Structures are given as structure tokens and as C-alpha cells.
There are 2 protein chains.
Amino acid sequence: MRILIVEDEPGIANFLRDGLEEEAFAVDVAGTGNKGLEMAQLNEYDIILLDWMVPGISGIEVCRQIRKENAVVPIIFLTAKDTVNDIVFGLEAGANDYIKKPLQFEELLARIRVQLRTREGEHAILNVGNIEMNLETHQVFNNSKEIVLTQKEFSLLEYLIRNKGKVCTRTRIIEHVWDIHFDADTSVIDVYIKFLRKKLDMGNDYIHTIRGVGYIMRED
Amino acid sequence: MRILIVEDEPGIANFLRDGLEEEAFAVDVAGTGNKGLEMAQLNEYDIILLDWMVPGISGIEVCRQIRKENAVVPIIFLTAKDTVNDIVFGLEAGANDYIKKPLQFEELLARIRVQLRTREGEHAILNVGNIEMNLETHQVFNNSKEIVLTQKEFSLLEYLIRNKGKVCTRTRIIEHVWDIHFDADTSVIDVYIKFLRKKLDMGNDYIHTIRGVGYIMRED
DNA sequence: AAAATTTTTTAAGGTAATTTTAAGAATTAA
DNA sequence: TTAATTCTTAAAATTACCTTAAAAAATTTT
């Protein structure tokens with residue numbers, strides 16, 4: 001899952017990035033409103049965290065602009081203010097939720113999960129066939145037998161399962177899992193698909209190759 | 001262990017916080033019913049202390065709401081009232097226990113231990129493999145041989161054992177054990193993991209490292 | 001109040017695991 | 001058959017963790 005953080009304070013931004021990367025998100029950080037808006041327009045994020053008091057264009061304005069062009073991406077705003085008025089104002093500008101500073105990471109994570117859930121109707125447990133992923137405990141099971149995956153393997157598997165039944169193009173995979181947004185002359189995806197197929201002992205049963213396009217995860 | 005105190009009188013709240021922190025709990029305080037409800041909904045607490053007479057939403061209402069969404073978290077209510085009716089009323093609203101003001105800290109602590117015990121079907125003694133923690137006496141044994149741990153070591157071990165079988169991310173550890181909620185550019189977790197591994201002479205048998213994520217405690 | 005002790009935190013170099021690169025082999029489609 | 005694409009493997013590069021020692025902070029003793 002790909003997330004954009006618009007936040008100028010490096011302390012908070014780094015805290016969020018580290019924590020979210022541990023939770024297997026692909027994280028981008030923008031330090032100004034303008035930069036954040038630009039990144040939101042150019043990339044497809046699964047969720048956006050937006051500080052209300054960033055330099056450059058105000059958070060509210062960034063939110064309005066994003067919402068004008070993208071009706072679905074969930075936006076959570078971070079605010080030091082907490083008067084009812086400010087919150088209403090923020091929600092009216094198109095935000096889906098808000099969280100007050102100082103931030104409690106688990107609270108934020110709970111709110112993020114709520115947004116992703118309502119949008120996608122899923123639980124903290126994803127599965128295909130006999131493969132089960134628990135996003136909270138970071139565990140993967142194949143026929144109830146635990147499989148230890150590295151961070152990148154986990155992240156790739158999550159992306160494929162979340163999109164099961166749909167083709168995942170190489171470009172989308174490299175963007176959502178590796179967070180690379182330019183021409184990537186790399187075979188890293190092939191290698192990781194190989195890792196997953198091997199570790200999960202699934203041959204080509206789950207991850208099917210679509211030549212010239214990418215991969216697709218199928219139940220059967 | 002993470003605890004939420006919903007209490008408006010600063011004197012009592014501080015008294016409780018200090019005492020519970022000495023017992024190695026990570027403590028959050030909410031001064032109003034609304035705030036308390038919100039925090040309870042967004043965070044995972046191991047136990048909640050709820051004053052019956054807080055400003056904002058009443059304690060009873062807070063309790064009902066929390067219980068509606070979370071069937072397991074133990075709730076102990078603090079009350080100046082002590083008629084049978086009030087107590088019944090409170091327990092019917094979903095509380096697990098009550099304690100009368102003025103508070104005796106030892107009594108409160110005992111009731112907290114009872115709740116944590118009954119909730120998890122365990123004694124005041126936690127264990128993994130041959131390692132045993134006695135929460136009341138603050139002692140740790142490895143194969144019946146006592147191991148002396150410092151406060152932080154004890155607290156970290158407790159968190160890991162209570163979450164055994166689940167991955168504890170670095171961010172979660174730093175929040176639950178150190179109560180730090182911002183970017184922590186620190187290697188203090190690594191060092192304490194090392195301390196525990198050394199003192200408990202367990203090599204990597206119990207505490208497994210999950211690179212890029214955190215640690216997990218396993219029985220075998 | 002100062003000194004001694006213990007606990008906690010910081011910092012830095014070494015080490016091991018993960019991630020990426022790269023190149024030849026195998027497969028597929030035209 | 002040829003050209004393009006993917007698979008497979010191994011090695012290089014990078015990153016995160018481990019380990020150690022010492023500094024800083026907190027606590028206890030003198």
C-alpha cells in the first residue's frame with residue numbers, strides 16, 4: 001500500500017515513515033504543500049496524511065485541490081488545532097478523518113486501517129487459497145504453516161493479494177511496492193516473484209505471469 | 001502493559017500515573033469522558049480505569065460505548081458512590097470491577113492484576129519456555145534460577161511475552177515500553193534486546209529478529 | 001551535598017541478512 | 001528461427017542489526 005505524508009517537521013515525518021514502513025507501506029514524504037499537491041497529482045496513493053500547517057500552499061487548499069481531481073483517495077489530516085470549527089472546516093474541505101498532534105502511532109494506524117477497510121471492505125487478514133496474511137502480526141501462513149518473509153517479499157505479496165483477480169502491471173508493482181516512479185531498468189520484480197513462488201511453494205498456481213504486462217494472483 | 005486512565009482530578013490522575021509507571025505500565029490519561037472514549041477506540045489498551053464522574057459524556061456512557069466495540073478490554077470503574085444500586089448499574093454497563101474512592105493504591109493494583117489474569121486465563125505469572133515472570137514480586141526466573149532485571153528490561157520482556165507469537169514492531173515497542181510517540185533515532189531497543197538475551201541466556205531461541213520490522217517471542 | 005553505584009541512552013564499527021544487479025538460460029510469440 | 005520477455009542463479013551492494021564501550025541520567029549511599 002502506498003502512502004503520501006505531507007509534513008514539514010522532519011521529526012514527525014521520519015517517525016511516521018519508519019513506523020509505516022514497518023507496517024509494510026511504501027511511503028513518500030513531501031515537505032511543503034506545493035510539493036505534496038504535485039506528488040498527489042502525479043501518483044496514485046492509497047492514502048494521504050496531510051499536515052494542516054505546512055509551508056507553501058495551506059493544508060486545506062492542498063486537500064481541496066486533491067479532492068477536486070480525485071474523489072476517492074482517503075485523506076487524513078494532522079492537526080495541532082482541535083477546536084470543533086477547525087475540524088469541521090477540514091472535513092468540509094474533503095478530508096475523511098483527522099488526528100490531533102501529538103500523534104500516537106497506533107491511533108494513527110487504527111485510523112488508516114479504518115479508511116482502507118471501508119474503502120476496500122477487507123479485514124486485517126488477507127488470503128488467497130490456503131495462503132493467509134495477518135497484517136497486524138506480520139505473519140504469513142501456507143496451510144497453517146508459518147512462512148517467514150522478508151519485508152519486500154511481504155509487501156509484494158500484500159499488493160498481489162489485495163489485487164487478486166486483477167492484473168498487476170510491472171509499472172504498478174514497482175510503484176506501489178518499491179516506490180520507484182521513473183523508468184526502472186531492473187529485474188528486481190522477477191527475482192522477488194521467484195522468491196515468493198519458492199517460499200510459498202506454489203509453483204505457478206497462484207501467481208500467473210502475463211507476458212508483456214505483469215502478474216496476476218488467482219485463487220485456483 | 002498499556003493502561004488508560006479517564007479521570008479529571010489532576011491530583012488523583014497523577015497519583016495513579018506515577019504509581020502505575022513504577023509498576024512498569026505505560027500510562028495515558030484522559031481528562032474528560034469524550035477524550036477517554038476516543039482514546040479507547042483508537043488505541044489498544046490492556047486495561048482501562050474509568051472515573052464515574054468525569055466531565056463530558058458520563059462514565060457509564062463511556063463504558064457502554066467502549067464495550068459495544070471491544071468485548072474484552074477490562075474496565076475498572078472508580079467511584080465515590082457505593083450503594084449497591086450504583087455498583088450494579090456500573091457492572092451492567094459492561095465494567096469488570098469497581099473500586100471505591102478514596103483509593104488505596106495497593107488495592108487498585110491487586111484488582112488490576114486480577115483483571116489481567118482472568119482476561120488471559122493466566123496467573124500473575126507469565127511464561128515462555130523455561131522463563132517465568134512474576135508480576136507481583138517483580139521476579140524473573142530461568143529454569144527456576146532467579147534473574148535480576150532492571151525496570152526497562154522487565155517492561156520490555158513483559159511486553160514481548162504478553163505478545164508472544166505476534167510480531168512486535170519497533171514502533172510498537174517504543175510506544176508501549178518507552179512511551180515515545182515521535183521519531184526516535186535511537187538504538188535503545190537493540191541494546192535492551194541484547195541485555196535480555198544475555199541475562200536470560202537464551203541466544204536467539206526465544207526472541208527472534210524480524211528484519212525491518214521488529215522482534216517476535218516464540219516458545220520453541 | 002557529594003560520591004558512588006546503577007540504570008539508561010548514545011554512538012560507532014563490525015557483521016550478517018536483505019535487496020539489487022547482472023548475465024546467461026529458458027520460454028513464448030510472431 | 002528470431003526477437004522479446006521472463007526465469008534462474010550468483011555475486012555485489014546496501015541496509016539493518018548486533019555488539020561494545022562509554023557518556024549521561026537517575027538513584028542510592030556516604
Side-chain angles (χ1 to χ4, degrees), chain A residues 14 17-24 26-27 138 140 147-157 159-160 167-171 173-180 182-216, chain B residues 18 21-22 24 26 138 140 147-157 159-160 167-171 173-174 177-180 182-216:
Chain A
N14 290 337
R17 185 184 22 228
D18 292 350
L20 290 166
E21 282 177 350
E22 283 168 4
E23 301 290 335
V27 181
H138 249 273
V140 176
I147 308 293
V148 178
L149 297 186
T150 68
Q151 205 43 352
K152 274 271 141 59
E153 289 164 351
F154 189 93
S155 185
L156 173 58
L157 182 62
Y159 186 72
L160 292 172
V167 173
C168 300
T169 66
R170 288 172 161 268
T171 305
I173 291 173
I174 210 78
E175 285 205 340
H176 284 257
V177 180
W178 273 265
D179 207 17
I180 293 173
F182 43 87
D183 176 43
D185 179 21
T186 170
S187 61
V188 76
I189 295 174
D190 308 58
V191 174
Y192 270 85
I193 291 284
K194 164 82 173 156
F195 288 165
L196 282 184
R197 281 172 171 164
K198 189 175 182 190
K199 280 200 180 178
L200 293 169
D201 188 29
M202 52 184 169
N204 286 16
D205 291 346
Y206 291 104
I207 303 176
H208 298 262
T209 305
I210 312 277
R211 238 183 130 73
V213 184
Y215 298 88
I216 184 169
Chain B
D18 292 350
E21 281 177 351
E22 281 167 14
H138 244 266
V140 176
I147 308 293
V148 179
L149 296 186
T150 68
Q151 191 76 325
K152 275 269 142 58
E153 288 165 349
F154 190 92
S155 184
L156 174 58
L157 182 61
Y159 185 71
L160 292 172
V167 172
C168 302
T169 67
R170 288 173 160 265
T171 303
I173 291 172
I174 212 78
V177 180
W178 274 265
D179 209 15
I180 293 174
F182 46 85
D183 177 40
D185 179 22
T186 171
S187 59
V188 77
I189 294 174
D190 309 55
V191 174
Y192 270 85
I193 291 285
K194 165 80 174 159
F195 287 165
L196 283 183
R197 281 172 172 164
K198 190 176 181 189
K199 280 199 180 179
L200 294 169
D201 188 28
M202 51 184 170
N204 286 16
D205 290 346
Y206 291 104
I207 304 177
H208 298 260
T209 304
I210 311 279
R211 264 179 166 254
V213 184
Y215 297 89
I216 183 168

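Since the model is a prediction, treat every value here as computed from it, not as a measurement. Here is how names work: the chains are called A, B, and so on, in the same order as the sequence lines, proteins then strands, and each is numbered from 1.
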Atom pair distance, as rounded to whole Å: [atom1] in [X] and [atom2] in [N]:
X       : N       : atom1 : atom2 : result
I193(B) : dC18(D) : CD1   : P     : 8 Å
I210(B) : dA16(C) : CD1   : C1'   : 16 Å
Y215(A) : dT6(D)  : OH    : C1'   : 6 Å
R17(A)  : dA16(D) : CZ    : P     : 11 Å
H208(B) : dA16(C) : NE2   : C1'   : 17 Å
L196(A) : dT18(C) : CG    : C1'   : 14 Å
I189(B) : dA16(D) : CD1   : C1'   : 13 Å
I207(A) : dT6(D)  : CD1   : P     : 14 Å

Categorize F154(B) for me: base, sugar-phosphate, or nothing, with a 4.0 angstrom heavy-atom threshold over every strand shown. nothing
Ignoring hydrogens and angles, tell me if any N or O in the side chain of R17(A) forms a donor-acceptor pair with the backbone of V27(A) under 3.5 Å. no
Are the side chain of Q151(A) and the backbone N or O of E21(A) linked by a donor-acceptor pair below 3.5 Å? yes
Between S187(B) and R211(B), which has a closest nucleotide on DNA chain D that is more 5'? R211(B)
By nearest-nucleotide position on DNA chain D, the 5'-leaning member of K194(B) and V213(B) is V213(B)
Counterpart residues, salt bridge (Lys or Arg N to Asp or Glu O under 4.0 Å), relative to [X] (two or more places apart):
X       : value
E153(B) : K199(B)
D18(B)  : none
R170(A) : D190(A)

Extract from the structure each pairing of a protein N or O with an N or O of nucleotides 7-9 of chain C at less than 3.5 Å, listing the distance.
| from | atom 1 | to | atom 2 | distance (Å) |
| --- | --- | --- | --- | --- |
| dT8(C) | OP1 | K152(B) | N | 3.2 |
| dT8(C) | OP2 | T150(B) | OG1 | 2.3 |
| dT8(C) | OP2 | Y192(B) | OH | 3.3 |
| dT8(C) | O5' | Y192(B) | OH | 3.1 |
| dT9(C) | OP2 | W178(B) | NE1 | 2.6 |

Stepwise side-chain contact (heavy atoms from CB on, under 4.5 Å) check, L156(B) with L149(B): CA-CA 10 Å; L156(B) 174 58; L149(B) 296 186; over 6 Å; no
Which angle, to the nearest 10 degrees, lies between the helix axes at the two ends of the helix from dA1(C)-dT30(D) to dA30(C)-dT1(D), each defined by five pairs? 30°
Are R170(A) and dT5(D) close enough that a side-chain N or O sits under 4.0 Å from OP1 or OP2? no
Please round to the nearest 0.5 Å and tell me the distance separating atom OH of Y215(A) and atom CD1 of I173(A). 7.5 Å
Rounded to the nearest 0.5 Å, what separates atom CG in L157(B) from atom OH in Y206(B)? 11.0 Å
When you get a sec, tell me which of dT19(D), dT6(D), dC18(D) is the closest nucleotide to the side chain of R197(B)? dC18(D)
Is there a side-chain contact between I210(A) and T169(A), using heavy atoms and a 4.5 Å cut-off? no
Considering all heavy atoms of both residues, which atom of G212(B) and which atom of E22(A) are nearest to each other, and what is their separation? O-CG, 3.5 Å
When the ring planes of H138(A) and F154(A) are compared, do they come out parallel, tilted or perpendicular, using 30° and 60° as the limits? parallel
Quick one, T171(B) with L20(A), criterion side-chain contact (heavy atoms from CB on, under 4.5 Å). Give me CA distance, side-chain angles, the key distance, then yes/no. CA-CA 9 Å; T171(B) 303; L20(A) 290 166; over 6 Å; no
What are the atom names and distances for every N/O pair under 3.5 Å that joins the protein to nucleotides 26-28 of chain D?
none

